[in-house]
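The next block holds one structure in the form of structure tokens; read it before the comments.
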Amino acid sequence: MHRDSERHKLFSRRAMMLAGGKATLLSALIGRMYYLQVIESDRYKTLADENRINLRLLAPRRGRIVDRFGVPIADNQQNYRVLLISENTRDIEYTLDILGRIISISPAERRRTVRDVKRNRSFIPVTIRENLDWEDVSRIEVNAPDLPGILIDVGQSRSYAYGADTAHVIGYVAAVSAKELTGDPLLELPGFRIGKAGVEKIHDTDLRGASGSSQVEVNAFGRVIRELSRSEGQPGAEIALTLDLGLQQMITRRLEGESASVVVLDVQTGDVLATVSTPGYDPNAFNRGLKTEEWKDLISNPMAPLINKSIAGRYSPGSTFKMAVLLAALEKGVIAPANKIFCRGYTELGDSRFHCWKKHGHGAVDAKEAITQSCDVYFYEIAKRTGIDRIATMANRLGLGVKSGIDLPGEKAGVIPTIAWKRRELDAPWHQGETLHAGIGQGYVQITPLQLAVMTAQLANGGVQITPRLTKLVGGYKTADASKSGDEKKSLGISSAHIRLVQEAMSEVVNNPVYGTAKRSRITEPGMEMAGKTGTVQVRRITKSERDVGVIKNQDLPWKERDHALFVGYAPVADPRYAVAVVVEHGGGGSSVAAPIAHDILLEAQLRNSADDGIAPSPNLKPLSGLDKIPEQADG
Amino acid sequence: MSHDALNTPDLTLRQKLWHIHWLFVLLLCAAAGIGFAMLYSAANGNMEPWASRQFTRFCVGLVVMVSIALIDIRIWMRYAYVFYAVTLALLVIVEVAGTVGMGAQRWLNLGYFNLQPSELMKIALVLALARYFHGGSIEDVGRPTYLLTPLLMIGIPAILVLRQPDLGTTLLLVMASGAIFFTAGVRMWKFALVTVGAVIAAPIAWQFLREYQKQRVLTFLNPENDPLGSGYHIIQSKIALGSGGLFGKGFMQGTQGHLRFLPEMQTDFIFTMLAEEFGMIGGVGLLGLYGLILIYGFAMSLRCRNQFGRLVGAGITTTFFLYVFINIAMVMGLIPVVGVPLPLISYGGTAMMTLMIGFGLLLSVWVHRDVMIGRRGGDEV
């Protein structure tokens with residue numbers, strides 16, 4: 001007993017120590033709790049919220065694109081999709097079988113659906129089919145009780161009602177590619193589309209709008225438990241173009257079957273009333289996603305439907321270049337308007353002979369006659385006297401060989417050669433013969449139809465500089481460019497007498513019933529008469545032997561070897577308002593092919609009154625370029 | 001002293017029932033009650049699947065506990081070695097023919113239920129060691145050779161359990177045994193020696209750890225290193241605790257738990273859920289309740305007039321403490337992740353039974369506190 005009481009004492013002592021140790025450890029736990037739950041609590045609260053709160057972006061509605069009269073060209077359509085949530089179905093295959101009896105589901109769609117279901121968590125909706133028509137939607141809705149896990153979802157998809165007619169101007173939207181990601185999470189939304197070409201591309205940020213967001217609580221597997229808050233985004237701004245859709249469509253019909261380009265400008269404002277490049281393509285196909293064979297067809301087509309020839313097609317201007325050459329010569333004083341040059345059908349420079357298009361010559365011609373009859377020998381001579389560099393300066397001043405600054409992506413500058421240019425690009429000295437070729441718009445000279453239209457418009461408006469513009473209003477407001485162009489008219493600095501001479505000559509081209517090269521295309525309606533200049537550009541070399549036996553007629557040549565047909569013009573002659581440039585690739589003669597087209601277009605534009613606004617200008621003109629500055633209510 | 005004092009009277013059943021420490025039982029019920037509430041919350045406000053089953057188990061456990069408490073402490077002492085031997089045999093059988101689950105071989109399928117012998121060993125080892133040291137005088141305990149047998153009694157099951165592999169249970173067995181050695185009066189310097197030895201042996205032992213065990217230790221040292229892999233549990237647990245703050249998010253309002261960021265919230269991480277919903281106040285409150293249980297456990301042991309009972313009491317109390325400490329320290333990122341449940345609260349039948357058997361023995365010690373037992377198990381001195 002004595003021994004046990006000793007043991008009991010020892011036990012008591014040791015047990016107290018043990019208990020003390022345990023108390024210490026429990027205190028350490030409380031200390032740790034204090035550290036985590038009091039000192040570091042805020043940090044962990046933030047982390048817990050980051051865990052559970054997910055920000056979901058809500059895609060804004062893309063702004064519409066309308067023509068100058070408000071007709072929608074690019075709009076948003078409701079796109080019905082049928083989705084499947086696998087956790088709500090009893091059996092996926094069985095559900096798809098039943099759905100397959102109601103709407104058609106291709107084996108590929110079915111395979112993709114089953115694959116997507118396996119890849120995603122069971123509460124994530126998987127798309128079975130997109131772009132359902134109304135009939136399919138109603139059939140699914142009626143059968144909804146038999147289709148657990150199947151639901152209809154409405155999305156927005158871009159649609160271009162006029163398809164190929166406006167394809168090159170409007171461009172298209174398509175899925176964002178990996179290298180277009182900027183870190184903006186909006187771009188990473190599934191199904192999000194951005195502008196890839198044309199107006200859709202250049203005004204993409206305006207059209208896109210600002211994304212909204214929805215704060216949702218999610219669990220560890222990403223399932224949405226509830227929505228905590230929601231802020232609606234701001235829909236994209238509506239873009240009003242200067243385009244007249246009716247004129248655009250008329251021109252497209254007129255050019256059907258040709259590889260051609262037309263640009264129509266308002267000579268006062270620079271408004272692009274129409275810009276057509278044929279053949280076109282269906283922009284809706286790009287939005288939907290092109291099939292491989294569709295893509296192959298588009299890129300292998302010799303008429304290059306994907307290229308907007310109006311701004312990216314480069315052509316020798318031929319005789320349409322002669323106004324620039326004449327103005328250069330007159331301004332430099334190397335020839336007076338009344339001075340005559342004798343044309344005997346050709347001129348000689350060293351050993352080479354340079355032919356006029358008229359085999360037996362025009363006889364003695366002055367400046368106006370030279371334009372009217374398009375005498376090549378006259379222009380060989382004045383080009384030689386002026387020199388290539390001074391011709392280039394004038395051409396550039398008229399807008400040729402330089403980018404016009406139109407608000408479209410992908411504009412090309414073209415080429416107006418100079419001595420320095422040839423040295424730089426080809427590392428070769430300039431030959432005088434090349435100046436002669438340039439004098440009739442051949443050789444190295446390469447310009448776009450838009451530049452031809454700009455030149456023509458500036459000749460028509462009496463030598464006032466214009467910048468072609470396609471955007472009239474962004475979100476109801478004039479753009480910074482548009483609002484100033486009316487007030488600050490800048491002269492090109494060309495003598496008005498010389499401009500008037502060129503105008504008269506261009507009028508003669510059409511209206512002189514004897515000598516005018518485009519006399520058959522004159523507009524007979526009083527007050528609507530047009531002026532213009534034809535151009536026919538060889539795309540092959542005519543050898544001496546062929547010239548001796550007689551030049552082969554265009555229609556006997558393969559398409560690729562036929563001449564390009566060009567025409568530039570404006571109307572009405574008395575008070576010019578519309579300028580047009582027509583280029584028909586391998587179309588034949590400028591007078592026989594291009595001039596009649598220009599006739600139809602200029603007449604139609606005047607009859608339609610294309611340049612009229614029909615919309616009162618906005619009362620408070622604010623120069624705006626970014627969407628962030630646009631007030632809530634755009635009035636006007 | 002008189003023979004009467006030496007010869008403890010046998011108590012009637014009614015007296016024994018009267019002797020049961022009902023306040024202690026009430027404390028256990030309170031802890032279990034908190035457990036039911038947390039399991040109810042973990043199931044998003046449902047009794048199913050956890051709370052109701054846990055309740056049934058606890059009720060069965062209470063009956064088992066009281067039954068054990070009523071059985072004479074001498075019977076427990078008499079059969080201590082037999083119980084130990086049988087449990088050790090079961091451990092060997094598990095080693096040979098156990099069911100593999102969650103990467104470890106721990107269970108014996110007995111058809112009706114799965115038996116986990118390592119859990120039984122927690123009780124059996126305490127009983128066996130208590131009986132061994134009961135038989136030794138202070139002088140005996142002072143002899144190093146005397147300690148060889150109990151060290152083997154710990155070593156063999158510890159190695160078997162470690163091979164399953166179950167590091168948590170091994171630690172629990174070794175540390176609870178250590179408490180019995182300590183309270184039995186083993187000299188302090190021997191503990192110091194073992195501690196130094198352990199420090200030296202740690203790098204060697206590292207070589208024998210399983211890959212996942214090494215991973216757990218490494219993850220413990222730097223959980224942020226692998227936030228989506230093995231560190232995920234601890235990071236999410238700390239976020240849950242920390243975001244609970246002082247007062248918590250409210251019952252059933254814990255986002256980490258209810259949105260399933262917290263893994264295993266009904267079992268090993270239930271303390272995290274409690275501290276998220278009730279804050280530090282709730283956590284400290286639960287620790288206070290556990291502290292009371294521990295204090296009464298010690299008090300019952302101290303009051304006992306036989307060494308066997310005292311040592312059993314110390315062993316059981318320490319085992320309970322280790323459950324509490326290891327679990328809470330683990331969920332708070334103080335020690336590596338070891339699968340030890342929170343006693344009386346975590347969902348699970350096996351640990352519940354072990355604990356209730358242990359508490360039954362503790363109550364038996366209390367009920368039979370005045371029973372004197374001779375060194376060789378008889379009534380002699």
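Because the structure is a prediction, the values reported are computed rather than measured. Chain naming here is simple, since letters A, B, ... match the order of the sequence lines and numbering starts at 1 in each.
Interface remark: B/Phe133 contributes backbone atoms only to the contact with chain A (heavy atom separation under 4.5 Å). Contacts between B/Phe321 and chain A at a heavy-atom distance below 4.5 Å involve the side chain alone, from C-beta outward. Interface remark: B/Gln307 contributes backbone and side-chain atoms alike to the contact with chain A (heavy atom separation under 4.5 Å). Interface residue B/Ala184: only backbone heavy atoms are found under 4.5 Å from chain A. Contacts of B/Leu294 with chain A are made by side-chain atoms alone, with heavy-atom separations under 4.5 Å and no backbone atom involved. For B/Phe298, the part lying under 4.5 angstrom from a heavy atom of chain A is the side chain only. Neither the backbone nor the side chain of A/Tyr35 comes within contact range of chain B, judged by heavy atoms closer than 4.5 Å.
Taking a 6.0 Å sphere around OH of A/Tyr34, one finds it holds 12 or fewer heavy atoms contributed by other residues, nucleotides or ligands. Residue A/Arg110 places its CZ atom among more than 12 non-hydrogen atoms of other residues, nucleotides or ligands, all under 6.0 Å distant. A 6.0 Å sphere centred on CZ of A/Arg115 holds more than 12 heavy atoms belonging to other residues, nucleotides or ligands. Atom CE of B/Met175 sits in a sparse spot, with 12 or fewer heavy atoms from other residues, nucleotides or ligands closer than 6.0 Å. Residue-environment remark: NZ (A/Lys9) stays at or below the threshold of 12 foreign heavy atoms within 6.0 Å. Heavy-atom contacts from other residues, nucleotides or ligands closer than 6.0 Å to CZ of A/Phe192 number more than 12.
To the nearest 0.5 Å, atom CE of residue A/Met17 and atom CE of residue B/Met188 are 2.5 Å apart. Remark: B/Leu287 CG to A/Met33 CE distance equals 4.0 Å, nearest 0.5 Å. Interatomic distance, NZ of B/Lys238 versus CD of A/Glu40, reported as 9.0 Å (0.5 Å rounding). To the nearest 0.5 Å, the span separating OG1 on B/Thr183 from CZ on A/Arg13 amounts to 12.5 Å. A distance of 11.5 Å separates OH of B/Tyr290 from CG of A/Leu29, quoted to the nearest 0.5 Å. B/Leu334 contributes atom CG, which lies 8.0 Å from atom CG of A/Leu36 (distance to the nearest 0.5 angstrom).
Counting only distance, with no hydrogens or angles, the side chain of A/Gln37 and the backbone of B/Leu241 share a donor-acceptor pair below 3.5 Å. Of the possible donor and acceptor atoms, none in the side chain of B/Arg305 sits under 3.5 Å from a partner among the backbone N and O of A/His8. With A/Ser41 contributing its side chain and B/Ser243 its backbone, the two residues share no donor-acceptor pair below 3.5 Å. Of the possible polar contacts, one joining the A/Arg32 side chain to the B/Met332 backbone as a donor-acceptor pair under 3.5 Å is found.
Of the listed residues B/Gly313, B/Cys304, B/Gly291, the one with more heavy-atom pairs under 4.5 angstrom with chain A than any other is B/Cys304. Residue with the most contacts toward chain A among B/Leu262, B/Val141, B/Val284: B/Val284 (heavy-atom pairs, distance under 4.5 Å). For the set A/Asp42, A/Ile39, A/Leu10, the count of heavy-atom pairs under 4.5 angstrom toward chain B peaks at A/Leu10. When B/Gly136, B/Gly297, B/Ala314, B/Gly248 are compared by the number of non-hydrogen pairs under 4.5 Å with chain A, B/Gly136 comes out ahead.
Test B/Val324, B/Thr318, B/Leu322 against A/Lys22 for side chain to side chain contact (heavy atoms under 4.5 Å, CB included) and you get one pass: B/Thr318.
When all heavy atoms of A/Ala48 and B/Lys249 are compared, the pair lying nearest together is CB-NZ, 4.1 Å. Nearest heavy-atom pair, B/Phe261 versus A/Asn51, reported as atom, atom and distance to 0.1 Å: CZ-O, 3.0 Å. The minimum heavy-atom distance between A/Ala15 and B/Leu302, with the atom names listed, is CB-CD2, 3.9 Å. Between B/Leu259 and A/Val218, the closest heavy-atom pair is CD1-O, 3.4 Å. The minimum heavy-atom distance linking A/Arg14 with B/Arg187 is given by the pair NH2-CA, 4.0 Å.
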| request: Report the C-alpha separation of A/Phe11 and B/Leu311 in whole Å, then their side-chain angles, then the decisive distance to 0.1 Å, and conclude whether the side chain to side chain contact (heavy atoms under 4.5 Å, CB included) test is met. | output: CA-CA 8 Å; A/Phe11 175 86; B/Leu311 292 176; 4.1 Å; yes
| said: side chain to side chain contact (heavy atoms under 4.5 Å, CB included) for A/Ile30 and B/Met280? Distances and angles first, verdict last. | reply: CA-CA 8 Å; A/Ile30 291 175; B/Met280 185 175 164; 4.1 Å; yes
